[in-house]
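Proteins come first, then strands; the chains are lettered A, B, ... in the order of their sequence lines, and each starts at number 1.
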2 protein chains.
Amino acid sequence: MIGTAYIVDDDEAIRDALTWLFKSRMVASRAWHSAEAFLADWRNDLRGCLVLDVRMEGMSGLELFDLLSERGSHMPVIFLSGHGDIPLAVAAVKKGAFDFVEKPFNDNELVDRVIQALAFDASRQERRAGQASLETRIEQLTPREREVMARILDGKYNKVIADELNIAMRTVEVHRARIFEKMGVKSAVELAQLLSGRR
Amino acid sequence: MIGTAYIVDDDEAIRDALTWLFKSRMVASRAWHSAEAFLADWRNDLRGCLVLDVRMEGMSGLELFDLLSERGSHMPVIFLSGHGDIPLAVAAVKKGAFDFVEKPFNDNELVDRVIQALAFDASRQERRAGQASLETRIEQLTPREREVMARILDGKYNKVIADELNIAMRTVEVHRARIFEKMGVKSAVELAQLLSGRR
DNA sequence: CGCCGGGTTGCGGATATCCACAATGGCTTC
DNA sequence: GAAGCCATTGTGGATATCCGCAACCCGGCG
């Protein structure tokens with residue numbers, strides 16, 4: 001399994017139990033005693049899932065979740081809670097938490113959820129890989145080409161684009177050809193299909 | 001407020017309380033004593049939200065929710081539960097429930113949630129209005145025009161389309177012009193933008 | 001039968017796009 | 001300063017698209 005279970009819990013007994021549990025199930029894990037400590041090590045390119053205690057001294061698990069979301073993280077999060085607090089669970093899931101598990105938890109069940117979360121993150125990364133190559137292609141367009149492309153996607157004629165940019169039609173044609181080449185398409189329609197949804 | 005709160009609960013006391021509550025807050029409502037009874041009256045064009053008891057004799061609220069989802073309903077659902085069952089609440093929200101409220105509920109809070117749900121449904125309907133007119137436009141294309149359009153969206157030249165359909169290029173041009181006219185666009189690129197996401 | 005809509009086709013000209021060949025000027029990098 | 005990338009433009013021809021005008025075939029409908 002690719003990815004690591006990142007555990008954040010202020011209860012050492014829980015941390016040790018989880019660490020042992022994951023190790024025994026061949027799931028890579030790492031644990032922190034507080035949200036703040038975890039944040040110090042956080043990087044946006046980490047792969048895996050989070051296992052967060054809801055209530056902790058200092059920053060709570062939910063606050064950590066919100067903070068990471070703001071920072072652009074989409075890593076799946078499994079919350080652990082020792083209190084049967086339904087509104088809290090509902091709020092967490094509505095915000096996009098992957099799951100919400102009550103303590104005491106069933107070992108097998110928790111590991112299952114974690115593996116699901118790891119798989120989810122892995123597939124999300126994969127999906128982004130395809131997009132990334134698209135992004136990459138867009139990035140290798142020159143600024144001028146991007147200007148032209150935007151206008152092509154507006155369905156404008158080369159002549160109109162030339163007028164708007166105050167350049168010769170021929171120049172637009174050159175840009176157009178380069179755009180098609182770099183983007184790997186053969187027509188404006190394909191380009192529109194490729195980039196639809198974006199913007 | 002547009003839309004009605006559709007209540008399904010097998011406890012008459014709850015039904016009466018909810019009906020009274022909604023009436024006093026100027027929220028239209030209607031109540032059923034069972035999922036089965038509600039289904040008999042269900043139509044897919046109803047506007048509003050559902051307030052479902054999780055546990056009922058016969059079909060449960062969750063089962064009703066699943067069934068309606070299968071039947072294409074996207075009406076927001078607020079679950080009522082008298083049991084502090086977190087896994088149930090989490091499952092419901094993950095499936096797309098609008099909210100999950102514990103009994104006994106706070107009147108103001110519940111009404112707030114219901115109003116939110118009604119507003120959500122209303123805005124969803126609005127968004128669909130634009131799409132509907134698009135569907136309408138597509139529907140008024142002749143079968144042949146739809147065949148041609150599909151190929152235009154593949155970025156094929158008129159010549160190629162003519163070959164594939166074994167007709168003259170001129171005919172394709174005529175179809176093409178009619179398609180653009182009916183769809184209200186001026187170029188193939190606009191058409192692609194318009195229909196991207198679909199198909 | 002006449003009318004109408006859908007599908008079809010031809011002609012011809014106005015516009016656009018596609019492209020190979022060729023060239024200039026600005027800017028950065030080594 | 002040479003090399004390279006970017007942006008720019010021109011010429012000219014091959015292809016495509018865009019459209020008005022005109023016409024034919026066919027099936028459904030009153």
Side-chain angles (χ1 to χ4, degrees), chain A residues 129-199, chain B residues 131-199:
Chain A
Q131 288 186 6
S133 74
L134 208 181
E135 298 294 347
T136 301
R137 275 179 283 173
I138 293 178
E139 277 167 24
Q140 77 182 30
L141 292 177
T142 67
R144 199 56 157 172
E145 283 164 359
R146 269 191 282 273
E147 285 187 82
V148 174
M149 185 169 77
R151 288 168 172 77
I152 291 175
L153 291 177
D154 284 340
K156 291 174 179 166
Y157 287 136
N158 287 351
K159 182 197 282 190
V160 177
I161 298 173
D163 284 347
E164 285 186 13
L165 298 180
N166 283 313
I167 53 179
M169 238 184 73
R170 187 64 186 84
T171 310
V172 177
E173 290 176 29
V174 173
H175 287 315
R176 188 187 183 105
R178 291 226 181 295
I179 291 166
F180 287 178
E181 185 190 337
K182 289 182 178 175
M183 299 300 290
V185 298
K186 218 187 118 302
S187 72
V189 177
E190 284 180 50
L191 189 67
Q193 305 272 21
L194 196 63
L195 299 188
S196 66
R198 182 177 326 276
R199 293 186 345 141
Chain B
Q131 290 187 4
S133 73
L134 207 180
E135 299 294 349
T136 301
R137 276 179 282 172
I138 293 178
E139 278 167 24
Q140 75 182 34
L141 292 177
T142 65
R144 199 55 157 174
E145 284 163 359
R146 270 191 281 273
E147 284 188 82
V148 173
M149 185 169 77
R151 288 168 173 77
I152 291 175
L153 291 176
D154 285 339
K156 291 174 179 168
Y157 287 135
N158 288 351
K159 182 196 282 189
V160 177
I161 298 173
D163 284 347
E164 286 187 11
L165 298 180
N166 283 312
I167 55 179
M169 240 182 72
R170 186 67 186 83
T171 308
V172 177
E173 290 175 27
V174 173
H175 287 314
R176 188 185 184 109
R178 292 228 180 293
I179 291 167
F180 287 178
E181 186 190 337
K182 289 183 179 176
M183 299 300 291
V185 297
K186 219 188 115 304
S187 71
V189 176
E190 284 180 51
L191 189 68
Q193 305 272 21
L194 198 62
L195 299 188
S196 66
R198 184 177 325 277
R199 288 178 2 129

Among residues two or more places apart or on two chains, list those pairs meeting salt bridge (Lys or Arg N to Asp or Glu O under 4.0 Å) that have a residue in residues 166-175 of chain B.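 Sorted pair list: B:Arg170-B:Glu173.
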Under the side-chain contact (heavy atoms from CB on, under 4.5 Å) test against B:His175, which residue among B:Ile161, B:Asn158, B:Val148 passes?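 The residue from B:Ile161, B:Asn158, B:Val148 that satisfies side-chain contact (heavy atoms from CB on, under 4.5 Å) with B:His175 turns out to be B:Val148.
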Is there side-chain contact between A:Glu190 and B:Asp154, with heavy atoms separated by less than 4.5 Å?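 Counting from C-beta outward, A:Glu190 and B:Asp154 never come under 4.5 Å.
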Does B:Tyr157 reach the side chain of A:Lys186, with side-chain heavy atoms less than 4.5 Å apart?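 Yes, side chains in contact.
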What's the spacing between A:Gln140 CD and A:Arg146 CZ if we round to 0.5 Å?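 Result: 10.0 Å between the selected atoms.
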NZ of B:Lys156 to CG of B:Asp163: how many Å apart, nearest 0.5 Å?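 These two atoms lie 11.0 Å from each other.
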Using whole Å, report how far CG of B:Asn158 lies from P of C:dT17.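 One finds 14 Å between P of C:dT17 and CG of B:Asn158, rounded.
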Whole-Å distance between C:dC19 C1' and A:Glu181 CD?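 Distance, rounded to whole Å: 13 Å.
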Check side-chain hydrogen bond (donor to acceptor under 3.5 Å, both in side chains) between B:Glu145 and all other residues, then give those that pass, not counting sequence neighbours.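 Partners of B:Glu145 by the side-chain hydrogen bond (donor to acceptor under 3.5 Å, both in side chains) criterion, ordered by chain and then number, come out as B:Thr142, B:Lys182.
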Which residues pass the side-chain hydrogen bond (donor to acceptor under 3.5 Å, both in side chains) test with A:Arg178, sequence neighbours left out?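 Once residues adjacent in sequence are excluded, A:Arg178 has no partner under the side-chain hydrogen bond (donor to acceptor under 3.5 Å, both in side chains) criterion.
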Please name all residues satisfying salt bridge (charged side-chain N to carboxylate O under 4.0 Å, His left out) with [X], sequence neighbours left out, ordered by chain then number.
X: A:Arg144; result: A:Glu147
X: B:Arg176; result: none
X: A:Arg151; result: A:Glu164

Mark up nucleotides 4-9 of chain C, 5' to 3', with B wherever a protein heavy atom is under 4.0 angstrom from a base atom, S wherever such an atom reaches only the sugar-phosphate, and - elsewhere. --SSSB
Between the protein and nucleotides 23-28 of chain C, which nitrogen or oxygen pairs are less than 3.5 angstrom apart?
none

Nucleotide range of DNA chain D contacted by chain B, 5' to 3', under 4.0 Å to a heavy atom?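 Listing 5' to 3', DNA chain D meets chain B from D:dA16 to D:dC21.
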Side chain of B:Gln193, backbone of A:Leu153: donor and acceptor closer than 3.5 Å?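 Side chain of B:Gln193 to backbone of A:Leu153: a pair is present.
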Net bend of the helix from C:dC1-D:dG30 to C:dC30-D:dG1, end axes of five pairs each, nearest 10 degrees: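 Nearest ten degrees gives 30° for this helix.
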Sequence neighbours excluded, which residues qualify as side chain to side chain contact (heavy atoms under 4.5 Å, CB included) partners of B:Ala162?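 Expected list: B:Met169, B:Val172.
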